[in-house]
Number of protein chains: 2
Amino acid sequence: MVHRPVPFDELDRKIVAALIANARTSFAEIGADIGLSATAVKRRVDRLRESGIITGFTATVRPAALGWRTEAYVEVYCEGAAPPRRLAEVVRNHPEITAAMTVTGGADALLHVRATDVEHFEEVLERIRTEPFIRKTISYMVLSHLLPDSPEAGAARPAAEGAADLR
Amino acid sequence: MVHRPVPFDELDRKIVAALIANARTSFAEIGADIGLSATAVKRRVDRLRESGIITGFTATVRPAALGWRTEAYVEVYCEGAAPPRRLAEVVRNHPEITAAMTVTGGADALLHVRATDVEHFEEVLERIRTEPFIRKTISYMVLSHLLPDSPEAGAARPAAEGAADLR
DNA sequence: CGTGAAAGTAATATCCC
DNA sequence: GGGATATTACTTTCACG
């Protein structure tokens, strides 16, 4: 699962930024913006996908518009040592968990949970707490967002030390 | 900014799910899967965009492949009352903050931060701490992810009570 | 709401510099 | 590496049930 570093220049950065801004931008349009032909842009995009820099293209939706109006982060504490493999299994059992990771600090894991409403969230929490080795949870309900939802990772501007920028 | 409820049926759900799975799926292909013509699918997608259910199409990237190898959640505590408007301003000053929200619990806000490495993260943290009314921060570094990165919100399967499913 | 057809664009494959 | 071209495929518009 280790990815080798792959050549990635300024033009690639701009292509990635363009596709993050709009995954449906045509190769010709991207090319016109950065001074390449559509063919050259396509070749680079193909390479960016093959090398795993671009992992896919997705539609972004407003969860609230689909009925998911409640959002929370949940710290999970386990009995004894919690092997990440086992934790990952548990996490996959609950579709309301939209992100999960192990973190530093007291908690064994941090979950991002979406629910339709507070009642649903409570139900999810009880379901999670029922899992064998979960000892306790601490929840932080999201009240309001301070940033327009960013597609999580971008490449908008040039960045320090070989990293394309986020947002 | 209040969105009226908009008609949203099973076909719309499948269309949204298809576009989340791959934003470049053609209307004809989606139509073949759900029993509609490409034209009908396009009309529905146009409506889903106009009504704000679909907010855009974006490329997904592996941040690590772009040089962002460090990730953390940061709780922020402010002096006195922290008006979300002011907090939002502060957050926008730091491009490394990829998500920010007010939350229940002791902290005034929770930030998601990406940095190239630990040194960079420390620099970001110091920069955030320098902001006028930030009193203290508590950081949780992300160690490993337990779910394949989900596009944050999806509509994969039918869900309870009028909500399209996530993941 | 849905369809199908026609016109305009874009994606892709192939060949050349 | 990049570009030009030709073919295939998709998007978009429109007339119509």
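In this text the structure is predicted, and so the values were computed from the model without any measurement.
- Using a 4.5 Å heavy-atom threshold, the side chains of Glu131(A) and Asn93(A) count as touching.
- Asp46(A) has its CG atom 10 Å from the C1' atom of dA11(C), to the nearest Å.
- The separation between Arg44(A) atom CZ and dT12(C) atom P is 17 Å, rounded to whole Å.
- To the nearest angstrom, C1' of dT12(C) lies 18 Å from CZ of Arg47(A).
- Between the C1' atom of dT12(D) and the CD1 atom of Ile30(B) lies a distance of 15 Å, rounded to the nearest Å.
- With contacts defined as side-chain heavy-atom distances shorter than 4.5 Å, the pair Thr116(A)/Trp68(A) qualifies.
- For Glu79(B) and Arg135(B), the salt-bridge test fails: no basic side-chain N is under 4.0 Å from an acidic carboxylate O.
- Here the rule is side-chain hydrogen bond (donor to acceptor under 3.5 Å, both in side chains) with Glu89(B), and of Arg86(B), Arg85(B), Arg92(B) only Arg86(B) fits it.
- Stretches of at least 3 consecutive Watson-Crick or G-U wobble pairs, with each checked distance under 3.5 Å, appear in DNA chain C as C:2-17 with D:1-16.
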Starting at the 5' end of nucleotides 4-11 of chain D, put B wherever the base has a protein heavy atom under 4.0 Å, S where only the sugar-phosphate does, and a dash everywhere else.
BB----SS

Would you please test Ile138(A) and Tyr77(A) for side chain to side chain contact (heavy atoms under 4.5 Å, CB included) and show each step?
CA-CA 8 Å; Ile138(A) 300 182; Tyr77(A) 296 78; 3.9 Å; yes

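- Straight-line distance from the CD1 atom of Ile34(A) to the C1' atom of dG2(D): 12 Å, rounded to whole Å.
- In this structure the side chain of Met101(A) reaches within 4.5 angstrom of the side chain of Tyr73(B), judged on heavy atoms.
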CA sep, side-chain torsions, deciding dist, call: Val6(A), Arg47(A), side chain to side chain contact (heavy atoms under 4.5 Å, CB included)
CA-CA 10 Å; Val6(A) 162; Arg47(A) 190 173 50 69; 3.8 Å; yes

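- How far CD1 of Ile20(B) is from CD1 of Ile54(B): 7.5 Å, rounded to the nearest 0.5 Å.
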